[in-house]
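Order of appearance sets the numbers: ligands from 1, and atoms from 1 within every ligand.
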Amino acid sequence: MNVLVFDTEEQIGVAAGYYMCGQVLQKPDSVLGLATGSTPLKPYAHMIDLYNEGAVDFSKVTTFNLDEYCKLDVNDKNSYHKFMHENLFDHINIPEENINFLDGNAEDMDKECKEYEEKIKKAGGIDIQLLGIGSNGHIAFNEPADSFQRWSHIVALKESTIKDNSRFFNSIEEVPTHAVTMGIGSIIQAKRILIIALGEHKAKAVKQVIDGQVTPQCPASVLQFHKDVTLMLDKGAASLL
Ligand code: F6R
């Protein structure tokens, strides 16, 4: 694993923004796997800056987001659709039809998940997957469990994740209890992975990912088996290394 420690979140935003855009410069029709949450905000802002400077063109890019809440309207301020449009898609020239999400309101969730996996395959697979990490070691919404869930699936969110994410909602009761997520198998098929962790509350999970045991109790630890992972950390997240 390529572990890079930075002084500030700002620096990580710049480095990660360049990293993602570098992929697009090398291959204009790249397939990007994208994440939501606080972690990618600065990287997305820097990708927008690079687009505004004319340095990068997203017109041929395809994206697949990792996950979405269930039973939340796509226009809800907390939906991941909304988040991605507000923080990236509305500010760059990616065609709407190239943007892909799992549908958290699909009637037949099994079918939805299978079709998403098929779509990723048809697009040629994910060239680079951007990931955050939960304080409990989750990636996407693959929560600590007794086994790794391979493909996209519906998941009941852990109490700790509901608590972590309640900061975006008016109250903890409003946080959806379920989400639909890409599986561990879908994630590690990406050709390259960029994972970012910010803050001391992620330090324990980060330590486990780098030199702990590979276990579904820390889903991100599976990244030890991937051949091209870059981990960008701030000092807090790197504090136990
Ligand atoms: C979101 C996602 C989650 C987050 C993780 C960290 O699409 O996949 O796994 O990356 O919960 O969230 P933040 O960045 O808000 O700390």
Can you name the salt bridge (Lys or Arg N to Asp or Glu O under 4.0 Å) partners of Lys122, sequence neighbours left out? none
Can you classify the ring geometry of Phe141 versus Tyr69 as parallel (below 30°), tilted (30 to 60°) or perpendicular (above 60°)? tilted
Determine, stepwise, if the pair Asp67 / Thr36 fulfils side chain to side chain contact (heavy atoms under 4.5 Å, CB included). CA-CA 8 Å; Asp67 42 19; Thr36 57; 4.2 Å; yes
Min N/O separation Thr39 to ligand 1 under 3.5 Å: yes
Location of contacts on Asp67 toward ligand 1, heavy atoms closer than 4.0 Å: side chain
Looking at non-hydrogen atoms alone, which of Ile133, Ile196, Thr181, Ile195 comes nearest to atom 6 (C) of ligand 1? Ile133
May I ask you to check whether Lys202 has an N/O atom sitting below 3.5 Å from an N/O atom of ligand 1? yes
Looking at Lys27, I'd like to know if its NZ atom is crowded, meaning that more than 12 non-hydrogen atoms belonging to other residues, nucleotides or ligands lie closer than 6.0 Å. yes
What do you reckon, is CD of Glu97 surrounded by more than 12 foreign heavy atoms closer than 6.0 Å? yes
Hey, is Met182 touching ligand 1 through its side chain, its backbone, both or neither, going by heavy atoms under 4.0 Å? neither
Going by distance only, is there an N or O of Leu131 that falls short of 3.5 Å from an N or O of ligand 1? no
From the candidates Ala140, Ala205, Ala220, Ser135, the one that places a heavy atom nearest atom 3 (C) of ligand 1: Ala140
Does a sphere of radius 6.0 Å around CG in Asn2 hold more than 12 heavy atoms from other residues, nucleotides or ligands, not counting ones at 6.0 Å or beyond? yes
Is the closest basic N to carboxylate O distance between Asp110 and Lys114 below 4.0 Å? no
For ligand 1, note which part of Thr36 has a heavy atom under 4.0 Å away: side chain, backbone, both or neither. both
Examine ligand 1 and decide if any of its atoms is less than 4.0 Å from a heavy atom belonging to Glu68. no
